[in-house]
Amino acid sequence: MPITWRKATRELHLHNGRLSLVLGVLENGWLGQLHFGAPLDPAASYAHLGPTDFGGFSNRIDEPIALVVPTPGSGDFRIPALVVEDAEGGSVLDLVYTGHRIVAGKPPLDGLPATYAEDPTEATTVEIDLEDAVAGLRATLTLTLFEDRPVVARSMRLTNAGPHRLTVRTAMSAAIDLPDGPWEVLGFSGAWARERHPHRAPLLPGRRSLGSLRGATGHQQDPSLFLLRPGANETAGEGFALSLVYSGNFLAEAESGPRGSSRARIGLHPEGFAWALDPGASFTTPEAVVAWSDAGIGALSDALHGLYRERLARGPWRDRPRPVLLNSWEGVYFDFDHARLVEMARAAADLGVELFVLDDGWFGERDSDTSSLGDWVVDPRKLPNGLGPLAAEVEAMGMAFGLWMEPEMVSPRSRLFTEHPDWAIGLPGRPRTEGRQQLVLDLSRPEVVDHLEATIAAILSSASIRYVKWDMNRNITEPHGGALPPDRQGEFFHRYMLGTYDLWDRLTTRFPEILWESCAGGGGRFDPGMLAYAPQAWTSDDTDAIERLAIQWGASHVYPLSSMGAHVSAVPNHQVGRITPLRTRATVAFFGVFGYELDPRALTDDERAEIRAQIAFYIEHREVFQRGRFIRLRSPFGNDDAAWMVVAPDRRTAIVAHVRILERPVPPPDRLRLRGLDPGLVYRVEQWPSADEAGVARREDHADRDAQPGSQRRGGDLLMAVGLDIEPAYPPSSAPRGDFSSRIWVLTAR
Ligand code: GLA
């Protein structure tokens with residue numbers, strides 16, 4: 001059992017050879033955190049790492065005792081993990097250990113997305129009971145350790161075991177205490193069309209907070225926080241990654257305390273949150289995942305990628321190769337009819353596209369974003385035959401058919417709003433603030449969830465729909481639950497998410513064969529919570545290759561490539577006006593779930609030929625792109641170029657991409673040190689497309705007589721230790737490649 005209980009010293013040790021988390025019952029009954037990080041010998045005691053060396057346990061004000069569930073009001077003035085108000089209005093807790101259970105596997109979290117074990121041998125869970133006798137509160141902490149993954153999943157269930165109502169004010173999913181500093185905080189921040197840019201800074205005395213109060217995780221902050229030792233880089237150094245499996249208001253925060261210790265916490269945002277817990281009632285927090293490594297940021301990403309791709313994503317599409325799609329949005333926006341879609345589909349099929357997706361505009365009277373959300377009935381002006389015949393025509397061309405929807409929204413100009421104005425979120429007596437001319441439906445009301453399930457199920461059953469893009473294009477204002485009493489309005493935001501998850505759960509259960517992609521104006525709700533229902537997400541509305549380098553680089557810290565929708569679009573790019581080569585647009589989009597978002601009828605013959613080759617290339621290497629190990633090589637931030645690679649699980653194939661953002665004259669010799677290869681294997685290194693086609697001067701390779709033109713044979717050891725030539729010293733580069741050029745190398749073990 002990788003969780004052991006040491007009775008004599010009352011220690012729990014979670015250990016799997018990848019990390020250790022040691023908890024100890026302190027002399028006053030509190031649950032202390034004795035160690036979190038490097039794997040330690042499970043046979044030894046670590047009680048001495050707890051509080052032993054100060055003047056009596058009662059004299060503990062401001063002592064940096066490391067606790068598992070820190071609470072306020074009794075000497076620990078740092079950020080708490082749990083604040084519960086009792087019937088008297090006080091919020092001091094004395095949470096004392098009362099027992100624990102160690103179980104094989106991982107129990108599900110009721111009504112919430114969570115990681116899972118498919119087989120009980122994959123994980124071990126400990127449930128630890130803590131109780132406050134005065135308030136009558138029981139807190140059951142759940143910690144799961146996965147076999148061979150350096151991650152711990154954590155959540156907490158609060159139960160009112162007393163006779164009076166309690167109010168939960170703060171209930172973090174995880175808190176970790178770090179006895180010594182210094183640390184740096186890495187977070188992923190941005191805006192619409194500029195999501196998830198990494199920001200790293202020292203953790204100075206005080207707090208660093210990332211979060212959202214929008215009712216969704218938002219474009220602005222990712223629900224994650226990395227704590228890194230100064231100097232930690234992609235390949236070396238100690239760090240933790242905290243990541244929240246949730247899609248609504250959240251807080252991820254770190255604090256450097258008075259004596260150099262630090263604490264980090266992640267969970268539901270406490271601001272505006274209050275959950276009334278009546279006698280006998282329970283409340284469960286979302287799950288947080290905490291990864292640890294001393295092998296750098298890349299190893300933290302490896303841990304999250306593996307867990308999220310294999311044991312968070314669910315359903316048959318988790319492991320299936322994801323189809324190359326063409327989405328109609330940037331190609332025609334709202335301007336289409338049946339005949340035009342059929343022409344587009346025919347042109348797409350001719351390119352080798354596998355899935356044709358009809359985006360916004362097919363329902364109600366939706367000619368712009370000013371109307372019809374909520375009226376999920378086909379617009380007979382555009383599609384007089386309905387969706388069924390359109391889907392059938394698309395299928396007859398050899399492609400699957402997919403559809404866009406925005407279930408959580410309603411347009412004030414819609415039949416649904418006219419019939420049920422009270423279903424839109426708003427505060428009685430106050431105007432509702434519109435965003436993109438739309439309002440949000442109150443999914444905290446069960447009848448709204450029932451209605452949406454029925455309406456959407458009817459559409460999904462009306463035609464052969466094999467893919468759904470579930471969008472969500474504005475955040476919540478005037479938060480108010482129409483069916484909640486005044487003393488429960490603090491529950492609204494979380495109840496909205498529970499209703500939304502319920503709807504996702506019902507629809508994905510009813511239509512398991514559909515491939516679901518989540519979206520929120522691009523990456524406005526790209527988070528682990530959504531990944532539990534939709535294995536892929538639209539990473540950003542920005543489809544420019546150079547912007548996408550930055551966005552996908554940032555997102556890749558937490559999310560696997562199999563979750564990141566990435567499309568080639570037309571130039572000048574619709575978001576930034578930039579003109580990049582078609583090859584570079586594909587080079588960047590290959591490193592994600594690949595597709596196109598343009599009007600295929602508008603392509604030249606040359607472009608069509610190039611796109612056919614791109615699709616064939618992606619399909620040939622799709623397994624590696626979607627299931628391989630992604631490795632960041634050179635950051636696009638602060639550099640004139642960027643590079644990344646992906647390696648097949650057996651390390652026999654790898655694909656490396658390099659993008660020259662700005663070309664400079666007289667480039668210095670430059671090599672890219674690769675990673676993740678097998679040092680004992682010899683790889684054939686070939687440029688794709690071949691060097692001749694790419695217009696790059698061909699090099700004679702005297703060391704390798706049987707190499708094909710443009711290909712070389714190189715050892716994995718050499719490629720990692722010395723590198724792959726991107727600007728060879730000899731002969732020096734002849735012709736400049738120009739801005740935004742890119743190259744791809746395919747490495748195949750012989
Ligand atoms: C959002 C999405 C886009 C597109 C439009 C349609 O902005 O992110 O991809 O679907 O909505 O209105």
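This one's a predicted model, so the numbers in the text were calculated from it and none came from an experiment. Excluded from the calculations below are hydrogen atoms, water molecules and symmetry mates; all remaining heavy atoms, backbone and side chain alike, are included. Order of listing sets the numbers, starting from 1, for every ligand and every atom in it.
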For [atom], what's the nearest protein heavy atom and its distance?
atom: atom 10 (O) of ligand 1; result: Asp359 OD1, 2.6 Å
atom: atom 2 (C) of ligand 1; result: Asp471 OD2, 3.0 Å
atom: atom 8 (O) of ligand 1; result: Asp541 OD1, 2.5 Å

* So does Asp367 pair up with Arg381, basic N to acidic O under 4.0 Å? -> yes
* To do: Flag the pair Arg413 and Glu365 as a salt bridge only when some basic side-chain nitrogen lies within less than 4.0 angstrom of an acidic carboxylate oxygen.
  => no
Among [options], whose side-chain contact (heavy atoms from CB on, under 4.5 Å) with [X] holds?
X: His219; options: Arg525, Arg214, Glu195; result: Glu195
X: Leu390; options: Val378, Asn385, Leu403, Leu383; result: Leu383
X: Arg548; options: Asn573, Val568, Thr580, Val588; result: Val588

Given that the side chain starts at C-beta and the backbone is N, CA, C, O, which of these parts of [X] lies under 4.0 Å from ligand 1, counting heavy atoms, or is it both or neither?
X: Asp369; answer: neither
X: Arg436; answer: side chain
X: Glu406; answer: neither

Distance filter under 4.0 Å to [X] heavy atoms, resulting ligand 1 atoms:
X: Gly521; result: 1 (C), 7 (O), 8 (O)
X: Trp538; result: 8 (O), 9 (O)
X: Asn473; result: 1 (C), 7 (O), 11 (O)
X: Asp360; result: 6 (C), 12 (O)
X: Lys469; result: 3 (C), 4 (C), 9 (O), 10 (O)
X: Cys519; result: 2 (C), 8 (O)

* Interatomic distance, Ser569 atom OG to Leu582 atom CG [nearest 0.5 angstrom] -> 10.0 Å
* So, for Tyr246 and His494, is the gap between ring centers shorter than 6.0 Å? -> yes
* Could you check Trp516, Tyr501, Trp470 and say which one makes a ring-ring contact (aromatic ring centres under 6.0 Å, His included) with Tyr533? => Tyr501
